[in-house]
Amino acid sequence: MSRLEVRDLTVGYEGGPVLHAVDVEVPHGELLAIVGPSGCGKTTLLRTIAGLLRAQSGEIRIGQRMVTTHGIHLAPEKRRIGWVPQDAALFPHLTVAENVAFGMLAGRGSARAARRAAKSDEVRRLLDLVDLAPLAHRAPGQLSGGQAQRVALARALAAGPELVLLDEPFGALDPMLRADLRAAVRELLRAEGVTGILVTHDQAEALSVADRVAVMRGGEVLQLGTPEEVYRTPATPWVAGFVGDAVFLPGVLHGDEVATAIGRLRAVPVADAAGLVPEDGADVTVLVRPEELRVVRADAASVADATAAHRADADRRADDGALDGIVTDVEYTGHDAMLALALADGVRLRARVTASGVVPRGTDVRVSVDGSVLAYRPEA
Ligand code: ADP
Ligand code: MG
């Protein structure tokens, strides 16, 4: 079993600490995605887990083995970790099969040993796994970016690692390839029963591919949870905005409601990192996801969502608490659309509607909020 546990990890360079008391856990066989702005310490965390950097304090445990703790630093080649870098970094003088074979030799290999091992059943199995068997004898220079990354993945898996670390491995690829490759990564890690960490700057990728998502900022993990938890109940407004589209409104909390520019909304107060919950009467920041806004044509002849149930629901809402507004812009994306709205009192919002709910620019609408919203203590 190769569960990863990182406890209270502090790591720095000459300039001072870059990671501050980081806790991360990845259960056996799960894929954790790490997202966060450039420079927040994602690569530093991966390099420390791999043993390429020494920790100032804290612990790292992989499966049953403590690999980093006070006074102990297990060498990288003894950690049974596979690494997939951003640029595949293949050996140009070795074929595809030989590059994969090199991974099997766990860093002690020579080109000659790799040539021999390239003929093994295990290399053939790995090449089949990443769908590259027909290209076994190609040179890396003759591969596309996506193919090269598949080779890097097979090479990382070749040594039978307990843990695979992927540092923005799809960064240089076009969107179609990215989608293909991330599905392949997830399938492969599952099939091999390997625990993985994927660093990505693409929040949609993180939410769609991972079992759990860690959101980092400034050397700290602000939240670690399932994609649903991170999206539906973000720990802070910043996390909310980082992992998805968000509308923020100032408000004042009154019991289980919050008074905002778009009316009184049912609200759930959220505790901050220090455990402080906004009190009754406090100023709060309200989070509304664009898809939680319901948009109905003002003439009510037709509504945003075409189903009868939605229509009845929307009509009822239009009578209690909906606001007048106008559609100022439409961003059509095929499966849905984002409507920019200006409300009568000057508030501007963005609402996501299904493709069938798109109304043209200039349409008078009524806007209400579906369900309850989250209320945060305003961020400093
Ligand atoms: P990310 O991968 O999230 O973009 P990094 O882990 O690469 O972030 O970097 C985190 C911080 O550490 C940044 O401020 C960066 O400038 C600094 N840093 C990274 N590598 C080094 C290094 N070798 N020496 C000194 N500072 C570094
Ligand atoms: Mg990085």
Side-chain angles (χ1 to χ4, degrees), residues 4-26 31-60 62 67-68 73 75-76 79 81-90 145 148-149 152-153 155-156 161 163-175 177-178 181-182 185 189 195-210 212-225 227 230 234-236 238-244 273:
L4 169 74
E5 194 179 330
V6 173
R7 281 272 160 267
D8 211 19
L9 189 72
T10 296
V11 184
Y13 302 98
E14 285 85 72
V18 162
L19 298 180
H20 311 276
V22 164
D23 289 327
V24 168
E25 250 184 77
V26 192
L31 178 61
L32 173 76
I34 301 183
V35 290
S38 178
C40 73
K42 304 181 295 295
T43 296
T44 301
L45 176 57
L46 288 200
R47 294 187 69 213
T48 312
I49 293 168
L52 301 168
L53 276 175
R54 280 176 184 265
Q56 289 171 356
S57 61
E59 291 182 353
I60 302 172
I62 302 172
V67 299
T68 292
H73 177 88
R79 294 194 176 202
I81 285 175
W83 183 280
V84 182
Q86 177 155 14
D87 55 339
L90 304 176
Q149 282 305 44
L153 184 60
R155 183 182 56 186
L163 184 64
V164 171
L165 306 177
L166 304 106
D167 194 359
E168 308 210 28
F170 320 128
L173 305 177
D174 66 58
L177 262 182
R178 281 180 86 98
L181 208 54
R182 70 177 172 237
V185 163
L189 295 185
T195 309
I197 300 186
L198 169 71
V199 166
T200 169
H201 58 257
D202 180 339
Q203 45 77 20
E205 182 163 278
L207 294 179
S208 67
V209 78
R212 269 168 235 259
V213 177
V215 183
M216 287 185 68
R217 181 192 192 186
E220 292 179 51
V221 175
L222 299 183
Q223 188 169 12
L224 197 163
V230 168
T236 70
W238 187 88
V239 170
F242 193 80
V243 301

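Start at 1 and go down the list; that is how both ligands and their atoms are numbered.
For Val18, every heavy-atom contact with ligand 1 shorter than 4.0 Å involves the side chain, none the backbone.
Residue Ser38: no N/O/S atom is found under 2.8 Å from the Mg ion (ligand 2).
Between Gln223 and Pro234 there is a side-chain heavy-atom pair separated by less than 4.5 Å. Using a 4.5 Å heavy-atom threshold, the side chains of Phe242 and Pro37 count as touching.
Scanning both residues, Leu224 and Ala214, for their nearest heavy atoms gives CG-CB, 4.0 Å. Across all their heavy atoms, Thr200 and Asp202 have their closest contact at OG1-N, 2.9 Å. A pairwise comparison of heavy atoms in Pro169 and Val199 identifies CD-O, 3.8 Å as the closest pair.
Closest to atom 10 (C) of ligand 1, if we only count protein heavy atoms, is Gly39 O, 3.3 Å. In this structure, atom 9 (O) of ligand 1 lies nearest to the protein heavy atom Thr44 OG1, 3.8 Å. At the shortest separation from atom 19 (C) of ligand 1 among protein heavy atoms lies Tyr13 CE1, 3.5 Å.
At least one heavy atom of Ser38 sits closer than 4.0 Å to an atom of ligand 1. Within the structure, ligand 1 has Gly41 among the residues with a heavy atom less than 4.0 angstrom away.
Atom 16 (O) of ligand 1 is not flagged as protein-proximal [any protein heavy atom, distance under 4.0 Å]. Distance check on atom 22 (C) of ligand 1: some protein heavy atom falls below the 4.0 Å cut-off.
With rounding to the nearest 0.5 Å, the separation of CG in Leu165 from CG in Leu4 is 8.0 Å.
Panel note: side chain Arg155, backbone Ala88; a donor-acceptor pair is recorded below 3.5 Å.
Where the criterion is an N or O separation shorter than 3.5 Å, residue side chain and backbone included, Thr43 meets it with respect to ligand 1.
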